[in-house]
Amino acid sequence: MAGKPPFADIVAGLPASVPFVPPEETERRTGVTINLRLGANESTFGMSPRAWEAMQNAASESHLYGDAHCCELRTELARLHDVKPEHLIFGSGIDELLGLIARAYLNPGDAVTTSLGGYPTFNYHVEGYGGILHKVPYRNGKNDLERLASTAEKTGSKIVYLANPDNPTGTWFTAEELQAFRSRIPDRCLLVLDEAYIEFAPAETGPPIDPEDPGIIRTRTFSKAHGMAGARIGYALAHRDTAAAFEKIRNHFGINRMAQAGALASLKDPGFVRKVVQSVAEGRREYAKLAEELGFSAYPSATNFVAIDVGSAERAAFLRDALWQRGVFVRVPGVPPLNRCLRVSVGTPDERKAFARILRETAEKAMK
Ligand SMILES: *Cc1c(COP(=O)(O)O)cnc(C)c1O
């Protein structure tokens, strides 16, 4: 029998478990069909009809590779963000870009700082490139900026990660608070500012974009407010030298024509995203009221989801499973104290009504 070719050391050392179990897999396993898919912060508002039309047209050109430079989309985004086109990096979603960031900056053994219970895909990639994670607990329900900065300093971290607005809490910091944070991060440490939910946040949430700052990469996506999660397209804003380095490692044809055409058309239909954002803001208020009515409390949110603290991890797990049995998919974050929360995406008004009804009935049982 032939010997087994050995894996690379880092890969051989990684845990075998798959950290991201899709709801489809749980559906297959449990035999339950999901009617209310509110666990992955996808937009149930869908995408702009103009994006849909552009994608249908582009589908007929799918025998061709996409434009590796994403030229049209790049030009439009550069205009919108008032930067030069060479400050943009494209990827098949932020998730891919986070992997490229880890690859671009980390040698095996390098330190990285993030929040304990923060966005797990970043951690997944850091570990995949041999980085060592230092995790700072949340403080009063928010990322602890002070300790993130001091931990980055103490550990000599190469990267510090912050999602603003945050997942899974939904909380956010103002531009001013972020600028103070930025100034406390050591020179040789990169700040990854993940702005997946920025469209849902108050106007003063993102600090001005400084394209000349080599110490920061900001990531954006079409998955959330634009409703194009399945199309897989996102981008980063960075210093031109940073962007140039990514040209050496990125998957040049990784973004298909449909995604590029859809993203461009969606940018040209800002009224659609504005309406989604408005309805989501309404939905957040409804969820907060619902939580209060049930004796729970909701984290303040500037995203398209609300984390509802139901009082204990046991109750959160019970409610998650009971909701699943009734065809409702929500998630519970894995780490205390966030594991006391149901994280619920804000759906359309009809979905919100259905969710409220089912949660009320389910909660009654949980409280007995
Ligand atoms: C949803 C989410 C992403 C994933 O974005 P994609 O562009 O779909 O890969 C990244 N970061 C955070 C914080 C998210 O919640």
Side-chain angles (χ1 to χ4, degrees), residues 19-20 22-23 37-47 51 70 73 77 88-102 114-126 128 135 138 142-143 148 159-173 178 191-201 205-206 217-237 250-251 254-256 258-260 262-263 266-267 273 276 280 284 299 301-307 329-335 338 341 343-346:
F20 313 104
R37 187 167 157 135
L38 302 175
N41 306 334
E42 296 146 323
S43 178
T44 60
F45 297 86
M47 65 178 112
C70 300
L73 182 60
L77 281 169
L88 286 150
I89 307 164
F90 289 91
S92 51
I94 292 177
D95 284 358
E96 185 192 30
L97 290 166
L98 294 175
L100 289 174
I101 291 168
T114 187
S115 294
L116 177 66
Y119 190 58
T121 311
F122 175 68
N123 303 354
Y124 171 77
H125 287 305
V126 166
K135 298 179 182 172
Y138 281 76
K142 295 180 81 171
N143 287 290
L148 282 166
I159 305 177
V160 57
Y161 172 88
L162 178 73
N164 190 63
D166 182 56
N167 181 6
T169 63
T171 56
W172 70 101
F173 293 101
L178 283 177
L191 169 60
V192 175
L193 187 58
D194 185 340
E195 298 180 314
Y197 299 99
I198 195 76
E199 292 91 345
F200 297 102
T205 305
I217 298 181
R218 305 163 75 131
T219 57
R220 305 276 176 107
T221 183
F222 288 91
S223 295
K224 306 285 158 68
H226 291 270
M228 295 175 55
R232 308 307 303 131
I233 181 162
Y235 62 98
L237 293 153
R250 74 188 186 92
N251 177 14
I255 306 155
N256 65 73
M258 285 183 283
Q260 293 189 33
S266 190
L267 288 177
V273 168
V276 171
V280 165
R284 288 193 307 243
Y299 280 62
S301 167
T303 64
N304 68 347
F305 63 86
V306 175
F329 165 47
V330 302
R331 279 216 162 106
V332 172
V335 177
L338 305 175
C341 295
R343 196 196 64 184
V344 191
S345 310
V346 177

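Note that ligands are numbered from 1 as they come in the structure, with each ligand's atoms numbered from 1 the same way.
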Set of residues satisfying side-chain contact (heavy atoms from CB on, under 4.5 Å) with respect to Glu195, sequence neighbours excluded:
Leu193, Ile198, Pro207, Arg218, Arg220
Using heavy atoms and a cut-off under 4.0 Å, could you grab the residues that are in contact with ligand 1, chain by chain, numbers ascending?
Gly93, Ile94, Asp95, Tyr119, Tyr161, Asn167, Asp194, Ala196, Tyr197, Thr221, Ser223, Lys224, Arg232
Once side chain to side chain donor-acceptor pair (under 3.5 Å) is applied, do any residues pair with Asn41, and if so which ones, sequence neighbours excluded?
Tyr197, Ser345
Under 4.5 Å between any side-chain heavy atoms of Ser43 and Met228, yes or no?
no
Would you please name every residue forming a side chain to side chain donor-acceptor pair (under 3.5 Å) with Thr205, sequence neighbours left out?
none
Step-by-step side-chain contact (heavy atoms from CB on, under 4.5 Å) determination, Leu267 to His226:
CA-CA 8 Å; Leu267 288 177; His226 291 270; 4.0 Å; yes
State plainly whether the residues Glu42 and Arg37 are in salt-bridge range, i.e. N to O under 4.0 Å.
yes
